2 protein chains.
Amino acid sequence: MELNKRMKTILAAVVHRYITTAEPVSSSIIAKEYNLDLSTATIRHEMYWLEKYDYLWQPHTSAGRIPTDKGYRFYVDNLMIKRYLKENEKREIIQIYKKNKELEETMKITSQLLSKLTHNLGVVLAPIIYDDLVRNIQFIPVGNNRVLTIIVTDTGLVCQKLINVSGEITKDRLSYLSNLINNKLTEKDINIINLKKILKDELDKILSFQERFNYIYDFLEDCLNFKSLKNKVYLDGRTNIMRQPEFNETIKLNYILSIIEEENILANTIRKCLGFRKIKVIIGKESKLKEIQSCSLVTSKYNIKGKPAGAIGVLGPTRMDYSRMISIVEYVSDKLSDILSEF
Amino acid sequence: MELNKRMKTILAAVVHRYITTAEPVSSSIIAKEYNLDLSTATIRHEMYWLEKYDYLWQPHTSAGRIPTDKGYRFYVDNLMIKRYLKENEKREIIQIYKKNKELEETMKITSQLLSKLTHNLGVVLAPIIYDDLVRNIQFIPVGNNRVLTIIVTDTGLVCQKLINVSGEITKDRLSYLSNLINNKLTEKDINIINLKKILKDELDKILSFQERFNYIYDFLEDCLNFKSLKNKVYLDGRTNIMRQPEFNETIKLNYILSIIEEENILANTIRKCLGFRKIKVIIGKESKLKEIQSCSLVTSKYNIKGKPAGAIGVLGPTRMDYSRMISIVEYVSDKLSDILSEF
DNA sequence: ATTTAGCACTCTCACCTCGAGAGTGCTAAA
DNA sequence: TTTAGCACTCTCGAGGTGAGAGTGCTAAAT
């Protein structure tokens, strides 16, 4: 099933052409526009076999050919010429990151950036911050029996949660508590996972007997169930994907709509498929998620201070410009890593 | 141009029927299903005049009638029977608000609630917090020369901003500064608008001469340009609106898509049209925003402690169940007011 | 052994016609 | 004032047609 050189050339031409026009590619178009010095008949002959081997398919007998998922896969792995972003595009990206933003804002503009550059759906998974060191913790009373707890980590993440307090905690006592803890945080490196346990131990040591009421521990227990710590997803360019010609038919569109609304489904899919390599391309039916099997997904992991932290990606029709998508996703993830590591 | 009683009845019937089926309503359907004890010919006669007066229109000669914007308007103002939510629906809403959430989360679930109940696009404008009293301010150093500033207001809003510091500010000095300010905040009621000016005055009094470096004021100046304070919008149910039969055609759909992506356009439109009355209904072309002229918008203001704070709304096709939309929007905004006032 | 010209074949698509059916407006009678 | 009756208009889907696109195959050319 080895493809010979000529078949590869033709496959590359078909993919290239289909990516730009979204219309089935005929033998005569290849002959005319790709200077292969071959007659249409010869090209047809090769296409015939490319179809037999499942790299191409036809919507009907008298139509041109369209790449299959396998065809795209072969193209991405073997034929595609890796391009790099132009200098002005790079400059534009850097420009956008130049102003200091806190984490939330940074995530948001990254998804906007991806969507704007690729004209597809931009996806950003917030960093998993289990390894983050806790910088600061604040307890602020709001109303009666309620405390707003804010945790700031060394990557600049701000988590907040509103907590019901069963007993009575005065403002002074709360600030005493947060001061105690903040001092501990300066002495030791405490990550967000250990926080609960360490806090308990430390507080046992520090607090006097009568202060060691149970509700303080219940309260801390409560504090640390921050839902928002994981699964935060940022999407931008939802409408880009809907404007693609392949989703003209409402039925096909409907299928994808659910994905666009249910951010977490997409996020989990990306999370599951993140492998060893930095950049990953998932083409059509390679995805286990039925709803996006007419789409491809290009993802890249990003780092914070060298450690893998999260991922960004682009979702678009399988007929996407893989080379360009990859270079954008790669460059943006590099810059994002830089920015986040600066904190 | 006064409509007689029979015309009103027929208009109400047409609107009611069209709202439920999305198909032009013929005279025979009215005769059959609405027990008016009139022949189709008579109904046709009345419809003829309703069309002349611009309450109804026909897509073509042999089609039934469809309400015009004017028709819907008359229906909403004069014919509609106000319904109330069922007890179990009310219970469901209350249930969702039961768990304590901070402001951001509350906004989010409100938009989800609206979209789920109405099957349309749910819109929530975050409270305008210029009148909010500042409860707490924290300066937390992150990395070199950067300070994360967090402001918490009495309505539970948490604003954050990352600020570049030109000079050198140590952690101790920052916490000294925030302690100073927080003490001031306890003594006086300071709202977010006055914060800057008051801080400057107070700091002049409190800080010793050598501490009164310019960069502290620059820094404070910077702190208070919180973009996120205004214009925050929460949307949910983007796909609901796309699934409506009237937007089957891609061209019409495209028109609305931009609105769905550009949250702020919609938010500004809502903000502009908020008038004296609590509930406001904008039907089709009554809106100045071209993109939503095939839609209607039902909005309601909500309060915090009696003072108007923000607004919620529902965007759907002009063919929406106005009575139900209004009762949902009204009830949800009441409950939201309650929740936010509890802080 | 490859490549190509030529041609029959297949399928889509745009366009047409046509008749059924829906719903109307008008008129004359009740 | 209401209604029955009817001619009229328009849509919609079915069916037919021909042009055009593109193919697969075959036999001839290289």
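So that the names make sense, note that chain A is the first sequence line, chain B the second, and so on, each numbered from 1. Note that this is a predicted model, so its numbers are computed, not measured.
The six-membered or imidazole ring of B/His16 lies away from that of B/Tyr75, with a centre-to-centre distance of 6.0 Å or more.
Taking atom CG of residue B/Asn4 and atom P of nucleotide D/dT1, one finds them 11 Å apart after rounding to whole Å. At whole-Å resolution of the value, CE in B/Met7 and P in D/dT1 are 13 Å apart. When rounded to the nearest whole Å, the span between CD1 of B/Ile43 and C1' of C/dC26 equals 17 Å. One can place CZ of A/Arg44 at 12 Å from C1' of D/dT26, the figure rounded to the nearest angstrom. Atom CE in A/Met47 sits roughly 9 Å away from atom P in D/dG24 (whole-Å rounding). A/His60 places its NE2 atom 13 Å from the P atom of D/dG24, with the value rounded to the nearest Å. Here the P atom of nucleotide C/dT27 and the OH atom of B/Tyr48 are 11 Å apart, to the nearest Å. One atom, NZ of B/Lys52, and another, P of C/dT24, lie 15 Å apart when rounded to the nearest Å.
Pairing for C/dA30 goes to D/dT1, judged as Watson-Crick or G-U wobble with the two contacts each under 3.5 Å. In this entry C/dG25 has D/dC6 as its Watson-Crick or G-U wobble partner, both defining distances falling under 3.5 Å.
Between B/His45 and A/Ile29, the one whose closest nucleotide on DNA chain D sits nearer the 5' end is B/His45. Take the nearest nucleotide of DNA chain D for B/Glu46 and for A/Gln58: the residue whose nucleotide is more 5' is B/Glu46.
Between the side chain of B/Ser62 and the base of D/dC10, at least one donor-acceptor pair of N or O atoms lies under 3.5 Å.
When each of C/dG25, C/dG23, D/dG24 is scored by its nearest atom to the side-chain atoms of B/Arg65, the top-ranked nucleotide is C/dG25. In this structure, of D/dT3, C/dT24, C/dT4, it is D/dT3 that holds the atom nearest to the side chain of B/Leu38.
One finds a salt bridge joining B/Lys116 and B/Glu92 here, because a Lys/Arg side-chain nitrogen approaches an Asp/Glu carboxylate oxygen to under 4.0 Å.
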Full working for side-chain contact (heavy atoms from CB on, under 4.5 Å) between A/Leu114 and A/Ile328: CA-CA 8 Å; A/Leu114 288 171; A/Ile328 289 171; 4.2 Å; yes

B/Ser296/B/Tyr322 under side chain to side chain donor-acceptor pair (under 3.5 Å): CA gap, chis, key distance, verdict: CA-CA 9 Å; B/Ser296 287; B/Tyr322 289 94; 2.7 Å; yes

Criterion salt bridge (Lys or Arg N to Asp or Glu O under 4.0 Å) on A/Glu23 and A/Arg319, from CA distance to verdict: CA-CA 10 Å; A/Glu23 270 167 19; A/Arg319 178 194 63 76; over 6 Å; no

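Note on A/Ser27: only backbone sugar-phosphate atoms sit closer than 4.0 angstrom, heavy atoms only; bases stay farther off. The residue B/Thr42 sits close to a base: some heavy atom pair falls under 4.0 Å.
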